[in-house]
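In what follows, chains are A, B, ... by sequence order, proteins preceding strands, each numbered from 1.
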Number of protein chains: 2
Amino acid sequence: MGTTEGLRRITMTPAARRVLEAAGRLFYERGIHVVGVDLIAAEARVTKKTIYDRYGGKEQIVVEYLADRDERWRAFLARYVDAAPPASAARILAVFDASRAWSAAYGPKGCSMVNAHAEISDPAHPAYPIITGQKQWMLALFTRLAGDVTSEGAGDLGRTLMLLHEGALVAQGLGVFADPIGQARRDAETLLAAAGAYP
Amino acid sequence: MGTTEGLRRITMTPAARRVLEAAGRLFYERGIHVVGVDLIAAEARVTKKTIYDRYGGKEQIVVEYLADRDERWRAFLARYVDAAPPASAARILAVFDASRAWSAAYGPKGCSMVNAHAEISDPAHPAYPIITGQKQWMLALFTRLAGDVTSEGAGDLGRTLMLLHEGALVAQGLGVFADPIGQARRDAETLLAAAGAYP
DNA sequence: CGCTCACTATACAGATCGGTATACTTTCCG
DNA sequence: CGGAAAGTATACCGATCTGTATAGTGAGCG
């Protein structure tokens, strides 16, 4: 079901897990290119040999980092969406609730996929499909959830929700104003009311 | 009026201008950390000595790059906004028209400020205020333009427009769907109609 | 004329980059 | 018992990074 199938071929030994944890934190907070393998090794209390035994190269660490974030975000999100009544507007609002909770828990520097895309511009990079795949998946999710509560115009509504959501993540990362995800949530609510999603 | 006053102290000789042009193109297309001074020098057909004579260091090239983009974007945008009737909803829509034209002319890889923020996380970096300053300025612009066409709720409308606009730039950069800026523009139009901005 | 400024050309320094090699230890498991 | 797997420690490689040093060229100008 995931788009990350053929990419993750790492034996997740305890040391490999520490590497992924340290790399994830450093990549997200400081950026990908600026974080070296030596720093990751030191932070994970692991030798470089172990890193290269498990991952083969830095590129694969990046792939694992993004695939892991993607996987965890989808699971995190599912808990919020599934908790809301089926085919309800509340299911859409739950996405914004999940984003706010995720941001509070895992760092407010915006979306890791968007940030990674700023550094990985080459579409041939093995991590590229993970980045674009998650955004495609989010758009499909919004469109599907919108289709469950409106008789027509689900595509349009889905794209608008996508824009509000992405905009909120960026505004959150740059600290443009307070609680942008809350703002986006209220905007989505208004939008859903206008679309007749509250019967 | 600009937020970039105390930062630009470069004598813009012909060679320095070629450096800024080359660095701007490379930074935007490939990223900041991944582009070295040697590459910039080669691409600008300039020796490294000239670069360090004019800019002092790579950090200042980054500052000039972002300050220049910010300056040019504001001038570009002003032409679109000022061409629309004063205190009209068309002025707001003109922002989206400007973004679409800018993206078509200067590259579709999203917002250079957002991309730079992914690589420059340290708030003490001299380029940081340029990044956040532009977003603050955009929010103030949207809020001011919104205040010109609605009697109340300009702050709220301004923030919503900001989210739509930022979301559209990100979606454009990641290629989530076709013409996201056009989508955002239509959404803004609906929003403005609901707010009674068309008398 | 002679000075200054902008610039070229080239070589180099010191640090850091991703990645590899060698040798050793521990743990688990058939 | 014995061997494979997972790990540590350390030293190293070539390439690349930002930044500097030295020497020389050409144009503008008082």
Side-chain angles (χ1 to χ4, degrees), chain A residues 7-27 29-66 116 118-122 124-128, chain B residues 7-27 29-66 116 118-122 124-128:
Chain A
L7 292 166
R8 312 194 64 183
R9 296 268 175 254
I10 300 300
T11 314
M12 268 303 160
T13 60
R17 211 170 298 274
R18 288 208 306 278
V19 168
L20 186 57
E21 184 276 327
R25 181 167 36 82
L26 292 167
F27 284 161
E29 285 175 2
R30 307 190 194 180
I32 292 174
H33 288 312
V34 87
V35 169
V37 177
D38 295 82
L39 177 60
I40 296 173
E43 238 7 62
R45 287 181 308 276
V46 155
T47 57
K48 279 211 299 182
K49 176 155 193 313
T50 300
I51 288 188
Y52 281 93
D53 282 348
R54 294 295 127 236
Y55 291 86
K58 185 185 176 179
E59 195 170 72
Q60 192 63 31
I61 309 179
V62 176
V63 170
E64 292 294 325
Y65 155 59
L66 291 173
E119 297 198 72
I120 302 171
S121 43
D122 181 18
H125 193 287
Y128 203 85
Chain B
L7 291 167
R8 313 193 63 183
R9 296 266 174 257
I10 300 300
T11 314
M12 269 303 161
T13 60
R17 212 170 296 275
R18 289 209 306 278
V19 168
L20 186 57
E21 183 276 329
R25 180 167 36 83
L26 292 167
F27 284 160
E29 285 174 3
R30 307 190 194 180
I32 292 174
H33 288 312
V34 87
V35 169
V37 176
D38 295 82
L39 178 59
I40 297 173
E43 206 72 12
R45 287 182 308 278
V46 155
T47 58
K48 279 209 300 181
K49 175 144 194 319
T50 299
I51 289 189
Y52 281 93
D53 281 349
R54 296 295 127 234
Y55 289 87
K58 185 185 177 181
E59 196 171 70
Q60 192 62 33
I61 309 180
V62 177
V63 170
E64 292 293 326
Y65 155 60
L66 292 172
E119 298 198 72
I120 302 172
S121 43
D122 180 18
H125 193 287
Y128 203 85

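- In terms of heavy-atom proximity, A:Ala116 sits nearest to A:Ile32 at CB-CD1, 4.0 Å.
- Every side chain to side chain contact (heavy atoms under 4.5 Å, CB included) that B:Ser121 has, sequence neighbours left out, goes to A:Lys109.
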Report the C-alpha distance between A:Met12 and A:Leu20 in whole Å, list the side-chain angles of each, state the deciding distance to 0.1 Å, and finish with yes or no for side chain to side chain contact (heavy atoms under 4.5 Å, CB included). CA-CA 9 Å; A:Met12 268 303 160; A:Leu20 186 57; 3.7 Å; yes

Give every pair of a protein N or O atom and an N or O atom of nucleotides 28-30 of chain C that lie under 3.5 Å apart, one pair per line with the distance.
none

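- No donor-acceptor pair closer than 3.5 Å links the side chain of A:Glu21 to the backbone N or O of A:Ala44.
- Under a 3.5 Å cut-off, the side chain of B:Glu119 and the backbone N or O of B:His33 do form a donor-acceptor pair.
- Contacts of B:Val34 with the nucleic acid, taken as non-hydrogen atoms under 4.0 Å apart, are absent.
- Judged by distance alone, with hydrogens and angles left aside, the side-chain atoms of B:Tyr55 form no donor-acceptor pair with the main-chain N or O of B:Val62 at under 3.5 Å.
- How far CD1 of B:Ile40 is from OH of B:Tyr65: 11.0 Å, rounded to the nearest 0.5 Å.
- Between the side chain of B:Arg54 and the backbone N or O of B:Ala15, no donor-acceptor pair lies under 3.5 Å.
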What pairs of nitrogen or oxygen atoms, one from the protein and one from nucleotides 8-12 of chain C, lie under 3.5 Å apart?
{"unit_1": "C:dT8", "atom_1": "OP1", "unit_2": "B:Arg45", "atom_2": "O", "d": "3.2"}
{"unit_1": "C:dT8", "atom_1": "OP2", "unit_2": "B:Thr47", "atom_2": "N", "d": "3.4"}
{"unit_1": "C:dT8", "atom_1": "OP2", "unit_2": "B:Thr50", "atom_2": "OG1", "d": "2.9"}

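- Distance B:Met12 CE to C:dC7 C1': 16 Å, rounded to the nearest Å.
- Between B:His33 atom NE2 and C:dT16 atom P the separation is 16 Å, expressed in whole Å.
- For residues 29-41 of chain B, the set of pairs meeting the salt bridge (charged side-chain N to carboxylate O under 4.0 Å, His left out) definition, not counting sequence neighbours, comprises B:Asp38-B:Lys48.
- For A:Glu43, the side chain to side chain contact (heavy atoms under 4.5 Å, CB included) partners two or more places apart in sequence, or in a different chain, are A:Ala22, A:Arg25, A:Leu26, A:Leu39.
- Close approach of DNA chain D to chain B, defined as any atom under 4.0 Å from a non-hydrogen atom of the protein, starts and stops at D:dT18 to D:dT22.
- One interatomic measurement links the two molecules: NZ of A:Lys58 to P of C:dG19, which rounds to 8 Å at whole-angstrom precision.
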